[in-house]
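Following: one structure in C-alpha coordinates, then a few remarks.
Reckoned from all heavy atoms, side chains included, excluding hydrogens, waters and symmetry mates. If you're wondering where the values come from, they're calculated on a predicted model, not measured in any experiment. First the proteins, then the strands, lettered A, B, ... as listed; each starts at 1.
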Amino acid sequence: MQYWLLKTDAESYSIDDLKRDGTTPWTGVRNYQVRNYMRDQMRVGDKGFVYHSSTAEPAIVGICQVASGPIPDETALDPKDSHYDPKATPANPIWYCVEVKYVKHLKRPIPLAELRKTKGLEKMGILQKGSRFSITPVTEKEWKIINDLI
DNA sequence: GCCAACGTTGGC
DNA sequence: GCCAACGTTGGC
(Lines give C-alpha, C1' and ligand atoms only; values in the text may rest on other atoms or scores of the structure.)
Protein backbone atom coordinates (compact mmCIF):
# COMPACT_ATOMS: atom_id res chain seq x y z
CA MET A 1 0.00 0.00 0.00
CA GLN A 2 1.12 3.51 -0.78
CA TYR A 3 0.37 6.90 0.71
CA TRP A 4 -0.42 10.13 -1.09
CA LEU A 5 -1.13 13.77 -0.52
CA LEU A 6 -4.01 15.25 -2.50
CA LYS A 7 -4.10 18.99 -2.79
CA THR A 8 -7.39 20.74 -3.35
CA ASP A 9 -8.49 24.34 -3.37
CA ALA A 10 -10.98 24.48 -0.50
CA GLU A 11 -12.97 27.10 -2.43
CA SER A 12 -13.68 24.70 -5.27
CA TYR A 13 -13.77 21.34 -3.46
CA SER A 14 -13.15 20.96 0.24
CA ILE A 15 -12.91 18.04 2.66
CA ASP A 16 -16.46 18.92 3.72
CA ASP A 17 -17.62 18.47 0.13
CA LEU A 18 -15.89 15.09 0.10
CA LYS A 19 -17.59 14.11 3.33
CA ARG A 20 -20.96 15.09 1.87
CA ASP A 21 -20.31 13.15 -1.35
CA GLY A 22 -18.75 10.13 0.32
CA THR A 23 -16.92 9.22 -2.86
CA THR A 24 -15.96 11.42 -5.77
CA PRO A 25 -13.94 11.12 -8.99
CA TRP A 26 -10.82 13.25 -8.57
CA THR A 27 -11.31 15.13 -11.83
CA GLY A 28 -9.74 18.21 -13.32
CA VAL A 29 -6.09 17.22 -13.15
CA ARG A 30 -4.33 18.47 -16.28
CA ASN A 31 -0.76 17.65 -15.44
CA TYR A 32 0.81 14.56 -16.95
CA GLN A 33 2.86 13.55 -13.95
CA VAL A 34 -0.17 13.68 -11.70
CA ARG A 35 -2.30 11.88 -14.25
CA ASN A 36 0.33 9.14 -14.36
CA TYR A 37 0.18 8.75 -10.60
CA MET A 38 -3.57 8.20 -10.84
CA ARG A 39 -3.46 6.04 -13.95
CA ASP A 40 -0.43 3.91 -13.12
CA GLN A 41 0.40 3.97 -9.44
CA MET A 42 -2.56 4.61 -7.21
CA ARG A 43 -4.26 1.46 -5.99
CA VAL A 44 -7.61 0.83 -4.38
CA GLY A 45 -7.07 1.04 -0.64
CA ASP A 46 -4.16 3.49 -0.78
CA LYS A 47 -4.57 6.22 1.79
CA GLY A 48 -4.07 9.92 1.28
CA PHE A 49 -3.96 13.17 3.16
CA VAL A 50 -6.39 15.81 1.97
CA TYR A 51 -4.69 19.20 1.86
CA HIS A 52 -6.35 22.59 1.47
CA SER A 53 -4.38 25.05 -0.63
CA SER A 54 -5.03 28.74 -1.25
CA THR A 55 -6.54 29.35 2.16
CA ALA A 56 -5.44 31.74 4.89
CA GLU A 57 -3.68 28.83 6.52
CA PRO A 58 -2.92 26.00 4.08
CA ALA A 59 -3.13 22.71 5.95
CA ILE A 60 -3.66 18.98 5.91
CA VAL A 61 -7.26 18.60 7.01
CA GLY A 62 -8.26 15.00 6.58
CA ILE A 63 -7.73 11.52 5.28
CA CYS A 64 -9.13 9.83 2.20
CA GLN A 65 -8.76 6.52 0.46
CA VAL A 66 -8.45 5.49 -3.18
CA ALA A 67 -11.74 3.81 -4.09
CA SER A 68 -11.31 2.84 -7.75
CA GLY A 69 -8.82 2.11 -10.45
CA PRO A 70 -8.22 4.63 -13.22
CA ILE A 71 -11.29 5.88 -15.05
CA PRO A 72 -11.55 8.51 -17.82
CA ASP A 73 -11.91 12.05 -16.54
CA GLU A 74 -15.35 13.01 -17.88
CA THR A 75 -14.72 16.71 -17.45
CA ALA A 76 -12.15 16.58 -20.26
CA LEU A 77 -14.88 15.42 -22.67
CA ASP A 78 -17.48 18.00 -21.70
CA PRO A 79 -17.26 21.20 -23.78
CA LYS A 80 -19.17 23.07 -21.08
CA ASP A 81 -16.69 22.14 -18.37
CA SER A 82 -13.87 24.51 -17.47
CA HIS A 83 -11.45 21.58 -17.68
CA TYR A 84 -12.59 20.62 -21.18
CA ASP A 85 -9.77 19.40 -23.42
CA PRO A 86 -10.68 19.45 -27.13
CA LYS A 87 -8.03 16.82 -27.82
CA ALA A 88 -9.70 14.27 -25.53
CA THR A 89 -12.13 11.77 -27.07
CA PRO A 90 -14.05 8.81 -25.61
CA ALA A 91 -11.70 6.50 -27.53
CA ASN A 92 -8.67 8.38 -26.25
CA PRO A 93 -9.68 10.24 -23.10
CA ILE A 94 -6.07 11.38 -22.41
CA TRP A 95 -7.00 12.33 -18.84
CA TYR A 96 -7.71 9.78 -16.15
CA CYS A 97 -8.70 10.02 -12.55
CA VAL A 98 -9.48 7.73 -9.63
CA GLU A 99 -12.39 7.79 -7.25
CA VAL A 100 -11.57 9.03 -3.79
CA LYS A 101 -13.48 8.10 -0.65
CA TYR A 102 -13.86 10.20 2.48
CA VAL A 103 -12.31 8.61 5.56
CA LYS A 104 -12.20 11.31 8.22
CA HIS A 105 -11.34 14.82 9.25
CA LEU A 106 -8.19 15.16 11.32
CA LYS A 107 -8.90 16.16 14.93
CA ARG A 108 -7.13 19.38 14.05
CA PRO A 109 -5.77 20.74 10.75
CA ILE A 110 -1.99 20.52 10.45
CA PRO A 111 -0.79 23.79 8.93
CA LEU A 112 1.84 23.93 6.23
CA ALA A 113 4.02 26.03 8.54
CA GLU A 114 4.04 23.21 11.07
CA LEU A 115 4.95 20.64 8.42
CA ARG A 116 7.89 22.83 7.43
CA LYS A 117 9.15 22.86 11.00
CA THR A 118 8.82 19.12 11.53
CA LYS A 119 11.92 16.99 11.29
CA GLY A 120 11.79 14.16 8.79
CA LEU A 121 9.37 15.85 6.40
CA GLU A 122 11.92 17.97 4.53
CA LYS A 123 11.64 15.88 1.39
CA MET A 124 7.86 15.94 1.09
CA GLY A 125 6.64 17.09 -2.31
CA ILE A 126 4.34 19.65 -0.77
CA LEU A 127 7.29 21.37 0.90
CA GLN A 128 9.45 21.66 -2.20
CA LYS A 129 9.77 25.16 -3.55
CA GLY A 130 7.53 25.71 -6.54
CA SER A 131 6.13 22.20 -6.55
CA ARG A 132 2.99 22.29 -8.63
CA PHE A 133 1.88 18.71 -8.37
CA SER A 134 -1.58 18.40 -6.92
CA ILE A 135 -0.89 14.79 -5.96
CA THR A 136 2.42 13.70 -4.47
CA PRO A 137 3.57 10.42 -2.93
CA VAL A 138 4.07 10.31 0.83
CA THR A 139 6.44 7.79 2.38
CA GLU A 140 5.34 5.51 5.18
CA LYS A 141 7.72 7.34 7.51
CA GLU A 142 6.23 10.71 6.60
CA TRP A 143 2.75 9.30 7.03
CA LYS A 144 3.60 8.16 10.56
CA ILE A 145 5.35 11.38 11.52
CA ILE A 146 2.35 13.43 10.46
CA ASN A 147 -0.10 11.13 12.23
CA ASP A 148 1.94 11.59 15.40
CA LEU A 149 1.52 15.37 15.14
CA ILE A 150 -2.22 15.14 15.51
C1' DG B 1 -3.17 41.26 -5.01
C1' DC B 2 1.72 40.25 -5.79
C1' DC B 3 5.00 37.55 -7.75
C1' DA B 4 8.16 33.41 -8.00
C1' DA B 5 8.16 29.08 -9.92
C1' DC B 6 7.45 26.06 -13.45
C1' DG B 7 4.72 23.22 -16.91
C1' DT B 8 3.06 23.93 -21.52
C1' DT B 9 2.72 25.90 -26.02
C1' DG B 10 4.12 27.24 -30.37
C1' DG B 11 7.22 29.54 -33.65
C1' DC B 12 11.28 28.69 -35.85
C1' DG C 1 14.15 19.96 -30.67
C1' DC C 2 15.17 24.51 -28.70
C1' DC C 3 13.59 28.11 -25.99
C1' DA C 4 10.92 32.46 -25.21
C1' DA C 5 6.43 33.68 -24.04
C1' DC C 6 2.47 32.58 -21.70
C1' DG C 7 -0.72 30.94 -18.22
C1' DT C 8 -1.51 28.97 -13.85
C1' DT C 9 -0.60 27.76 -9.15
C1' DG C 10 -0.29 28.83 -4.59
C1' DG C 11 2.15 30.86 -0.55
C1' DC C 12 2.57 35.08 1.48
Euclidean distance, atom CD1 of residue Ile126(A) to atom P of dC12(C) [Å, nearest integer]: 11 Å
CE of Met124(A) versus P of dG11(C): gap in Å, rounded? 13 Å
Only counting residues at least two apart or in another chain, list the ones meeting side chain to side chain contact (heavy atoms under 4.5 Å, CB included) with Val103(A). Ile63(A), Gln65(A)
Taking side chain to side chain contact (heavy atoms under 4.5 Å, CB included) as the test, write out the residues that go with Thr24(A), two or more places apart. Tyr13(A), Leu18(A), Asp21(A), Trp26(A)
Suppose clustering is done on Ile, Leu, Val, Met, Phe, Trp and Tyr with side-chain heavy atoms closer than 4.5 Å. Which residues sit in the same group as Leu77(A)? none
Running the 4.5 Å side-chain criterion over Ile, Leu, Val, Met, Phe, Trp and Tyr, what cluster does Trp95(A) land in, apart from itself? Tyr32(A), Ile94(A)
Scan nucleotides 3-10 of chain B nucleotide by nucleotide, 5' to 3', and note B when protein non-hydrogen atoms come under 4.0 Å of the base, S if they reach only the sugar-phosphate, - if neither. --BBSS--
Output all residues satisfying salt bridge (Lys or Arg N to Asp or Glu O under 4.0 Å) with Asp81(A), sequence neighbours left out; order by chain, then residue number. none
Partners meeting salt bridge (Lys or Arg N to Asp or Glu O under 4.0 Å) with Arg39(A) (sequence neighbours left out): none
Within residues 110-122 of chain A, residues whose heavy atoms come under 4.0 Å of DNA chain C: Leu112(A), Arg116(A)
Within residues 47-64 of chain A, residues whose heavy atoms come under 4.0 Å of DNA chain C: Tyr51(A), Ser53(A), Ser54(A), Pro58(A)
Sequence neighbours excluded - salt bridge (Lys or Arg N to Asp or Glu O under 4.0 Å) pairs with any residue from [range]:
| range | result |
| --- | --- |
| residues 134-150 of chain A | Glu140(A)-Lys144(A) |
| residues 91-112 of chain A | Arg108(A)-Glu114(A) |
| residues 52-73 of chain A | Arg30(A)-Asp73(A) |

If you count every heavy atom of other residues, nucleotides or ligands that lies below 6.0 Å from Glu74(A) atom CD, does the total exceed 12? no
